[in-house]
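These numbers were taken from a predicted model, which means no experiment stands behind them. Numbers here are sequence positions counted from 1. No hydrogens, no waters, no symmetry mates; every other heavy atom, side chains included, goes into these values.
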Amino acid sequence: MTTPLTHIPPHPDAPAAASRLPRVVPAGEAFRSACRYEWRHLAALRSTWVLLGVVAALSLLTGPGLLFDRDRTRVISAASMGDVLAWTPLTTQVPMLSFFVLVLGTGPVSTDLVRGAARTTWLAVNGRRTAYAAKCAVGFLVGAGVAAMSALVGAVSAAVALALSGGAQPTWGAVLAPVLRFVLWMGCWALLCLALVALMRNRILPVVTLCLWPVLGERLAGLLLGYVPGLDGVSSWLPFAVGRAMLTDVSTFAEEDKSFAQAMIGSDLSTPEALVVYLVYTVALTAAGYWAYCRREAPTG
């Protein structure tokens with residue numbers, strides 16, 4: 001025979017039972033949690049560290065490559081050194097580093113497309129708005145951080161190579177301005193990458209677009225727009241023409257090099273004007289990506 005259960009009243013000094021109501025997480029705490037989730041996911045991927053290793057190795061080759069290409073009869077200018085540290089945007093239309101950061105930039109939103117509702121940031125913080133903000137913050141910092149690391153390693157490599165070869169050092173203080181613009185450009189590039197994936201809701205098409213449009217598509221578009229009456233100056237305002245003008249300050253080039261640099265840039269805007277316009281493009285496309293990403297938010301209340 002079993003002893004009947006009896007109710008034992010709680011001791012007066014015992015702590016009160018925890019409330020069963022769900023705790024409302026403040027927006028700041030949710031944002032920090034989402035950022036940590038994004039960073040841990042990025043850092044856990046082996047491909048991230050392989051890519052960063054390749055970038056570091058290529059940055060180390062900046063010095064030896066500079067010795068092969070430089071004109072030994074002239075001291076390398078700060079503008080030329082800034083172009084080298086920015087991965088030659090004049091030659092390739094966009095910094096070559098952008099094609100590496102493209103993988104990191106498109107990854108955060110592409111992960112949502114692959115995994116659906118499983119193990120994604122927006123599910124972890126119960127909100128797409130916070131998740132998108134975290135993706136933007138982490139993406140910008142990763143893009144800018146990779147650019148800063150690359151520029152620092154490249155500058156050290158170039159300085160050592162010039163010193164060992166007996167070449168004159170450029171004015172490193174004047175190199176700082178183009179490098180800072182390069183770091184900002186790469187952070188904005190990461191935002192453009194994830195925003196375009198959010199808008200297109202596709203993993204492959206944004207990558208193809210970002211590879212072909214800056215290098216080839218925009219030049220063709222500017223050429224065709226030049227034949228339309230009243231639109232002959234629009235090519236100077238296209239996104240990556242503006243981006244090149246932001247990266248390369250033509251006014252710092254020697255007189256004999258200015259016309260060639262201006263033709264390669266494809267924009268008549270000054271560097272400060274181009275910087276502002278490029279930031280406006282970035283904010284506009286990021287906001288459009290925010291709308292596309294968050295419009296599938298489940299209604300609350």
Q: Begin with the C-alpha distance, continue with both residues' side-chain angles, and end with the deciding distance and a verdict on side chain to side chain contact (heavy atoms under 4.5 Å, CB included) for F100 and V54.
A: CA-CA 9 Å; F100 293 93; V54 171; 3.8 Å; yes
Q: Could you tell me the separation between the SG atom of C188 and the CG atom of L275, rounded to the nearest 0.5 Å?
A: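 Rounded to the nearest 0.5 Å, the SG-CG separation comes to 8.0 Å.
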Q: What's the shortest heavy-atom distance between G139 and A190, and which atoms?
A: O-CB, 3.3 Å
Q: What class does the angle between the rings of Y290 and Y132 fall in, given that below 30° is parallel, 30 to 60° is tilted and above 60° is perpendicular?
A: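 Judged by the thresholds at 30° and 60°, the geometry between Y290 and Y132 is perpendicular.
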Q: Please test M264 against F260 for side chain to side chain contact (heavy atoms under 4.5 Å, CB included), starting from the C-alpha separation and ending with a verdict.
A: CA-CA 6 Å; M264 293 298 292; F260 173 76; 3.7 Å; yes
Q: Going by heavy atoms in the side chains, are W185 and V94 under 4.5 Å from each other?
A: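 Answer yes - side chains close enough.
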Q: Check the pair L194, C136 against side chain to side chain contact (heavy atoms under 4.5 Å, CB included), reporting the backbone distance first and the verdict last.
A: CA-CA 8 Å; L194 67 90; C136 289; 3.8 Å; yes
Q: Could you check if a side-chain atom of L141 sits within less than 4.5 angstrom of a side-chain atom of W39, using non-hydrogen atoms only?
A: no
Q: Do P272 and V276 make a side-chain contact, defined as non-hydrogen atoms from C-beta onward lying under 4.5 Å apart?
A: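 No; the side chains remain at least 4.5 Å from each other.
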Q: What is the minimum heavy-atom distance between S251 and D249, and which atoms define it?
A: OG-OD1, 2.6 Å
Q: Using only atom types and a distance under 3.5 Å, with no angle test, would you say the side chain of W237 pairs donor to acceptor with the backbone of V242?
A: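 Not at all, since once roles are kept as given, no pair shorter than 3.5 Å links the two residues.
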Q: Report the C-alpha separation of V153 and V55 in whole Å, then their side-chain angles, then the decisive distance to 0.1 Å, and conclude whether the side chain to side chain contact (heavy atoms under 4.5 Å, CB included) test is met.
A: CA-CA 10 Å; V153 173; V55 170; over 6 Å; no
Q: Out of curiosity, L192 CG to F240 CZ, how far, rounded to the nearest 0.5 Å?
A: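 One gets 6.0 Å once the value is rounded to the nearest 0.5 Å.
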Q: Name the one of L104, V101, T106 that satisfies side chain to side chain contact (heavy atoms under 4.5 Å, CB included) with C193?
A: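 Running side chain to side chain contact (heavy atoms under 4.5 Å, CB included) over L104, V101, T106 with C193 returns exactly one hit, T106.
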Q: Group every Ile, Leu, Val, Met, Phe, Trp and Tyr by side-chain heavy-atom contacts under 4.5 Å, then state whether M246 and V183 land in the same group.
A: no
Q: Work out which heavy atom in A137 is nearest to a heavy atom in C35; give both atom names and the distance.
A: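 That would be CB-SG, 4.4 Å.
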Q: Is there a path of hydrophobic side-chain contacts, each under 4.5 Å between heavy atoms of I, L, V, M, F, W or Y residues, that connects M149 with L61?
A: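 Yes, because M149 and L61 connect within a single hydrophobic cluster, where side-chain heavy atoms sit under 4.5 Å apart.
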Q: Looking only at heavy atoms, what is the nearest atom pair of T248 and P89, with distance?
A: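 For T248 and P89, the tightest heavy-atom pair comes out as OG1-CG, 4.3 Å.
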Q: Is there a path from V156 to L164 through hydrophobic residues (I, L, V, M, F, W, Y) whose side chains come within less than 4.5 Å of each other?
A: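 Yes.
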Q: List the atom of Q93, the atom of P214, and the distance in Å for their closest heavy-atom pair.
A: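 For Q93 and P214, the tightest heavy-atom pair comes out as CB-O, 3.8 Å.
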Q: Think R295 forms a cation-pi with W291, using NZ or CZ under 6.0 Å from the six-ring centre and within 45 degrees of its axis?
A: yes
Q: Spell out, yes or no, whether L199 and I204 are grouped together once hydrophobic residues are joined by side-chain heavy atoms under 4.5 Å, including indirect joins.
A: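 L199 and I204: separate clusters.
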Q: Within the 4.5 Å heavy-atom criterion, are L58 and M96 side-chain neighbours or not?
A: no
Q: Is any side-chain heavy atom of P206 closer than 4.5 Å to one of V197?
A: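 With C-beta onward as the side chain, the pair touches.
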Q: Tell me whether W189 is reachable from V179 by hopping between hydrophobic residues (I, L, V, M, F, W, Y) whose side-chain heavy atoms are closer than 4.5 Å.
A: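 Different clusters.
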Q: Got a salt bridge between E29 and R32, using NZ or NE/NH1/NH2 to carboxylate O under 4.0 Å?
A: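 So E29 does not pair with R32 through a salt bridge.
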Q: Counting only N and O atoms by type, is there a donor-acceptor contact under 3.5 Å from the side chain of T88 to the main-chain atoms of L90?
A: no
Q: CE of M186 to CG of L247: how many Å apart, nearest 0.5 Å?
A: 9.5 Å
Q: Please report the shortest heavy-atom distance between R244 and E218, naming the atom on each side.
A: NH2-OE1, 3.9 Å
Q: I want to check something: taking the side chain as every heavy atom from C-beta on, are D268 and Q262 in contact at a cut-off of under 4.5 Å?
A: yes
Q: Given side chains that start at C-beta, do those of S98 and W87 come closer than 4.5 Å, heavy atoms only?
A: no
Q: Could you list the residues that satisfy ring pair (Phe, Tyr, Trp, His ring centres under 6.0 Å) with F253, not counting sequence neighbours?
A: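 F253 satisfies ring pair (Phe, Tyr, Trp, His ring centres under 6.0 Å) with no other residue.
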Q: Is there a side-chain contact between F99 and V215 in this structure, where contact means two heavy atoms from C-beta onward sitting under 4.5 Å apart?
A: yes
Q: Nearest 0.5 Å, what's the CG-OG1 distance between L42 and T48?
A: 4.0 Å
Q: Just verifying a value: how many Å separate L162 CG and M81 CE, rounded to the nearest 0.5 Å?
A: 5.5 Å
Q: When rounded to the nearest 0.5 angstrom, what is the spacing between CG in L67 and CD1 in I76?
A: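 Result: 9.5 Å between the selected atoms.
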Q: Is the side chain of S236 donor-acceptor paired with the backbone N or O of S267 at a distance under 3.5 Å, no angle test?
A: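 No, S236 side chain to S267 backbone: no donor-acceptor pair under 3.5 Å.
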